[in-house]
Amino acid sequence: MRVLKRIPVFNFDCTYGHGVSNYTKALLKGKKTGDTHHFHLSYQDGWYDGQYGFVNDKAQARLARIRLDYMETDAICEIPNSQGTHGIFPSRHTLKDVYCNSEFATPIDNNGLTADDMDAYVALHTCIDARKMTPKWQVAVNGNLDLCATDYEGKYSMGTCYNSEKGATLPEMMGNDRDWLAVFNIAAIEKAVAAGKGFTIGTSKVPVLDGRVDGNPYVLYIPIPNNPHGVNVDPTGRYAICSGKLSPTCSVVDLQKIDAAFAGTIQPRDTVVAEPEVGLGPLHTAFDGRGNAYTSLFLDSAVVKWSIAKAVAGENPILDKLDIHYQIGHINASNSETRRADGKWLISLNKFSKDRFLSVGPMHPENEQLVDISGEKMRVAHDSAAHPEPHDAVIASPEPFKPKKRWDRADRKFDFERKLAAKHGVELETTNQVIREGNKVTVFMTSVAPNYGLNEVRVKKGDEVTIVQTNVDEVDDLSHGFCLSHYDINVGVAPFETVSVTFTADKVGVFWYYCPWFCHALHLEMRGRFIVS
Ligand code: CUK
Ligand code: CUA
Ligand code: CA
């Protein structure tokens with residue numbers, strides 16, 4: 001439960017220069033806030049392939065990709081026509097797509113003229129190409145879409161809907177006894193898109209299919225009681241388990257029956273093969289690979305362990321309950337979202353700690369609990385305060401992940417800087433030089449503890465300055481960086497990394513630049529003068 005690294009995604013972070021360097025500025029496009037909820041790893045054959053992680057931004061409808069060879073954000077995709085991008089899930093059979101649910105329906109032409117026509121509101125299920133990080137298609141649905149899951153074969157993606165009522169207020173959204181699970185038929189959607197059947201919305205060129213009409217071939221609506229939330233597919237790939245926030249039940253959907261329901265030979269509701277009462281406020285479900293499910297119970301502040309086979313057989317499936325402190329949201333277990341769930345550990349991500357820790361003011365720390373699930377009874381092994389709010393987590397074995405200890409100098413991340421160096425006929429790894437072209441000044445600079453390659457940079461007021469720093473220290477773990485006093489610039493530069501930052505020299509005087517990562521006994525001496533005349 002120790003924190004090894006916090007990876008900035010939609011926020012600013014000067015430790016790594018995220019939002020400051022040219023590379024990360026281009027990712028964020030000037031946006032300063034986000035709201036991450038769900039993190040998932042990329043797959044091959046139902047097991048982690050170690051390539052990428054994906055995380056959503058609910059606030060501004062974005063999907064970010066984390067490259068796991070360096071464990072940093074390398075792409076951010078803006079999702080068109082969408083608000084409240086909430087549940088996401090990647091393909092589990094291979095690195096192909098990431099499916100994203102919009103929780104907020106908006107008027108289809110969101111031009112301010114149709115705000116009061118609730119029938120004009122749609123929510124979208126968006127497919128993002130996981131390699132290119134661009135949107136491929138969208139399906140308009142009835143109601144809204146909340147959490148997301150995929151099967152293991154690449155046939156279906158799915159999303160829960162809690163607002164089948166199309167309500168705009170809380171009482172309206174609780175009107176129906178059942179909302180639904182929407183299951184998307186990926187082959188049918190891809191076929192229709194390839195045949196040019198979509199329409200487009202506004203200025204977006206992404207094809208949109210209409211999944212709102214009855215009997216459409218793209219979306220199956222399976223009735224689920226009442227305001228369902230989580231949907232999780234078990235490690236055998238057979239069952240999708242949804243929880244009703246306002247119903248004490250988990251609905252077990254048999255994915256082997258989905259094709260028959262699409263074909264109309266059975267009713268959508270016939271795919272629900274069990275609906276056990278598990279406790280109050282069920283939200284999310286994890287698995288141990290031994291046929292058991294672990295569902296978080298928000299209102300009960302508990303985890304319930306239950307047998308899927310017993311539920312399907314109509315027997316009482318409850319095996320154990322464990323109290324949690326307090327109000328658990330997400331839950332996950334080791335390798336639970338893969339074919340290799342190992343039933344060792346479970347994490348409970350709790351929304352409230354109440355009085356469990358020393359007071360730090362009105363906004364309390366939250367609480368995460370690690371639970372040993374290897375035996376018949378669950379046992380809390382550890383708990384610790386967490387930075388608010390510990391939303392969602394994946395527990396994965398370390399084997400698939402092989403992050404590098406230093407940057408590969410040929411990495412695509414340095415394309416911009418390499419081109420800049422080629423244009424000026426210099427090499428990033430050896431050059432310490434200030435090059436002027438009109439009012440554009442490019443500063444190539446290396447760093448080796450405890451010295452920059454340049455101890456002085458002279459420019460004129462109004463110059464557009466690009467600092468290109470390459471860390472060529474031969475020692476592992478030796479990071480430097482570039483912090484320029486009073487210029488709002490602070491970036492870290494990892495071993496063998498090149499980082500550039502562009503700004504206008506708009507203040508005259510002497511401004512010290514210095515190394516912000518403690519790197520040497522003479523770290524404080526690692527500095528130089530930026531002189532603006
Ligand atoms: S979901 Cu995002 S608000 Cu992750 Cu249970 Cu809670
Ligand atoms: Cu280099 Cu501190
Ligand atoms: Ca509802």
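Each residue takes its place number in the sequence, starting with 1.
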Do we see a donor-acceptor contact under 3.5 Å between the side chains of [X] and [Y]?
| X | Y | answer |
| --- | --- | --- |
| Thr502 | Asn22 | yes |
| Ser500 | Glu417 | yes |
| Ser102 | Gln83 | no |
| Asn350 | Glu368 | no |
| Asp49 | Tyr43 | no |
| His480 | Asp473 | yes |
| Ser397 | Asn335 | yes |
| Asn101 | His125 | yes |
| Thr85 | Ser82 | no |
| Thr295 | Thr285 | yes |
| Ser164 | Asp179 | yes |
| Glu464 | Thr504 | no |

Heavy atoms only: give me the nearest [X]-[Y] pair and the separation to one decimal.
| X | Y | answer |
| --- | --- | --- |
| Leu283 | Gly329 | CD1-CA, 3.8 Å |
| Ile76 | Arg62 | CG2-CD, 3.7 Å |
| Leu181 | Met158 | CD1-CB, 4.1 Å |
| Ser336 | Pro235 | O-CG, 3.9 Å |
| Ser384 | Met1 | OG-CE, 4.1 Å |
| Ile88 | Cys100 | CG2-SG, 3.8 Å |

Kindly indicate whether the side chain of [X], heavy atoms from C-beta on, has any atom under 4.5 Å from the side chain of [Y].
| X | Y | value |
| --- | --- | --- |
| Val426 | Ile435 | yes |
| Val139 | Phe184 | yes |
| Val122 | Arg212 | yes |
| Ile108 | Val208 | no |
| His18 | Leu28 | yes |

request  = Keeping the roles fixed (side chain from Asn163, backbone from Phe104), state whether a donor-acceptor pair exists under 3.5 Å.
outcome  =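 Answer holds: no.
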task = Could you name each residue pair satisfying side-chain hydrogen bond (donor to acceptor under 3.5 Å, both in side chains) that touches residues 137-146, not counting sequence neighbours?
result =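 Passing the test, one end in residues 137-146: Asn81-Gln138, His86-Asp146, Thr126-Gln138, Asp146-His229.
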inquiry  = Does anything in residues 180-195 form a salt bridge (charged side-chain N to carboxylate O under 4.0 Å, His left out)? List the pairs, not counting sequence neighbours.
reply    =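 Sorted pair list: Lys96-Glu190.
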Using the benzene-type ring in the case of Trp, are the ring centres of [X] and [Y] under 6.0 Å apart?
| X | Y | answer |
| --- | --- | --- |
| Phe503 | Tyr487 | yes |
| Tyr221 | Trp180 | yes |
| His330 | His38 | yes |

Exceeds 12 heavy-atom contacts within 6.0 angstrom, atom [atom1] of [X]:
| X | atom1 | value |
| --- | --- | --- |
| Asp477 | CG | no |
| Lys351 | NZ | yes |
| Lys257 | NZ | no |

task = Sort out for me which residue in Asp254, Ile266, Leu255 forms a side-chain contact (heavy atoms from CB on, under 4.5 Å) with Thr271.
result =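 Result: among Asp254, Ile266, Leu255, Ile266 is the only option passing the side-chain contact (heavy atoms from CB on, under 4.5 Å) with Thr271.
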inquiry  = Testing Tyr239, Phe89, Tyr152, Tyr156 one by one against Val233 for a side-chain contact (heavy atoms from CB on, under 4.5 Å), which residue passes?
reply    =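 It is Tyr152, the one option of Tyr239, Phe89, Tyr152, Tyr156 that forms the side-chain contact (heavy atoms from CB on, under 4.5 Å) with Val233.
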Is the charged tip of [X] near the ring of [Y]: under 6.0 Å from the six-membered ring centre and within 45° of its axis?
| X | Y | value |
| --- | --- | --- |
| Arg409 | Phe414 | yes |
| Lys32 | Phe12 | no |
| Lys5 | Tyr16 | yes |
| Arg65 | Phe54 | no |

From Arg412, Arg418, Lys413, residue fulfilling salt bridge (charged side-chain N to carboxylate O under 4.0 Å, His left out) relative to Asp415 =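 So, applying the salt bridge (charged side-chain N to carboxylate O under 4.0 Å, His left out) to Asp415 and each of Arg412, Arg418, Lys413, only Arg418 qualifies.
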task = Apply salt bridge (Lys or Arg N to Asp or Glu O under 4.0 Å) to Asp97 and list each qualifying residue two or more places apart in sequence or on a separate chain.
result =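 Checked Asp97 against salt bridge (Lys or Arg N to Asp or Glu O under 4.0 Å); matches are Lys136.
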